[in-house]
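Positions are given from 1, in the same order as the sequence printed here. These numbers come from the heavy atoms of this one structure, side chains and all, not from hydrogens, waters or symmetry mates.
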Amino acid sequence: MYWMWGKGMLFQCNKVKEIWKMAPVQWDGIAHLSWWIAIQEAQDSRGVEDQVNLTINILWQIWKARNDREFNHKEKEPFKVIEKALKEWIEFEEANKGKDSRKS
């Protein structure tokens, strides 16, 4: 299967592994069951909010690419997934410059 379902789809299938190799963020152990806990803990730490936000955007782009393939029969190359995630993350950061963080 090209895109595996569930956690495998986000981290372990071959296409997604290529995406994570190209990603500008890296997480130790992200492919394990505790990946979401690790991201949440990092979000609570200072100085990693950008990394967390970009990681979440990459996960979202992986999900959308999978759906595009499954439902629209459109294939997206791994570098395009990263490119789209970076573009949208930069746009989000620019749009929110000077605004208070959502964290209280």
Side-chain angles (χ1 to χ4, degrees):
M1 181 181 268
Y2 201 72
W3 293 92
M4 291 171 27
W5 183 247
K7 181 182 71 133
M9 185 204 68
L10 295 174
F11 300 108
Q12 295 174 348
C13 78
N14 291 333
K15 188 130 188 163
V16 172
K17 285 180 182 180
E18 288 181 51
I19 292 169
W20 285 113
K21 284 180 186 175
M22 293 179 205
V25 294
Q26 300 297 317
W27 295 91
D28 292 333
I30 196 164
H32 302 291
L33 289 174
S34 62
W35 66 271
W36 186 247
I37 294 168
I39 290 173
Q40 288 177 317
E41 288 173 354
Q43 193 168 18
D44 293 337
S45 301
R46 301 187 102 180
V48 294
E49 188 172 344
D50 287 345
Q51 183 176 351
V52 170
N53 290 339
L54 181 54
T55 299
I56 292 168
N57 198 319
I58 292 168
L59 291 167
W60 175 238
Q61 294 306 321
I62 290 169
W63 179 256
K64 290 188 343 182
R66 178 260 178 211
N67 286 346
D68 217 16
R69 182 187 181 280
E70 291 296 315
F71 301 116
N72 301 320
H73 309 288
K74 293 181 180 178
E75 205 63 54
K76 191 176 273 189
E77 292 300 318
F79 79 92
K80 289 288 190 182
V81 174
I82 292 296
E83 189 176 73
K84 179 81 169 161
L86 284 169
K87 180 180 181 274
E88 288 188 5
W89 178 69
I90 290 168
E91 289 172 358
F92 175 82
E93 291 295 309
E94 289 294 318
N96 288 293
K97 272 189 179 173
K99 293 182 180 179
D100 289 339
S101 175
R102 287 180 278 177
K103 290 170 46 174
S104 56

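Summarising the geometry, atom OG1 belonging to Thr55 is positioned 5.0 Å from atom CH2 belonging to Trp20; distances are rounded to the nearest 0.5 Å.
Counting only heavy atoms from C-beta outward, the side chains of Ile58 and Trp89 never approach each other to under 4.5 Å. A 4.5 Å side-chain heavy-atom check between Glu77 and Val81 finds every atom pair outside the cut-off. Between Phe71 and Arg66, some side-chain heavy-atom pair lies under the 4.5 Å cut-off. Considering only heavy atoms from C-beta on, Ile56 stays 4.5 Å or farther from Trp60 through its side chain.
Counted within 6.0 Å of NZ on Lys80, heavy atoms from surrounding residues, nucleotides or ligands total 12 or fewer; the atom is thus considered open.
Electrostatic pairing of Lys97 and Glu93 does not count as a salt bridge here, judged by no charged N lying under 4.0 Å from a carboxylate O. Taking the charged nitrogens against the carboxylate oxygens, Lys76 and Glu83 have no contact shorter than 4.0 Å, which rules out a salt bridge. Contact check on Glu91 versus Lys87 returns a salt bridge, with a Lys/Arg side-chain nitrogen under 4.0 Å from an Asp/Glu carboxylate oxygen.
For Leu86, the side chain to side chain contact (heavy atoms under 4.5 Å, CB included) criterion is met by Pro24, Leu54, Ile82, not counting sequence neighbours.
Between the side chain of Asn96 and the main chain of Phe92, a donor-acceptor pair closer than 3.5 Å is present.
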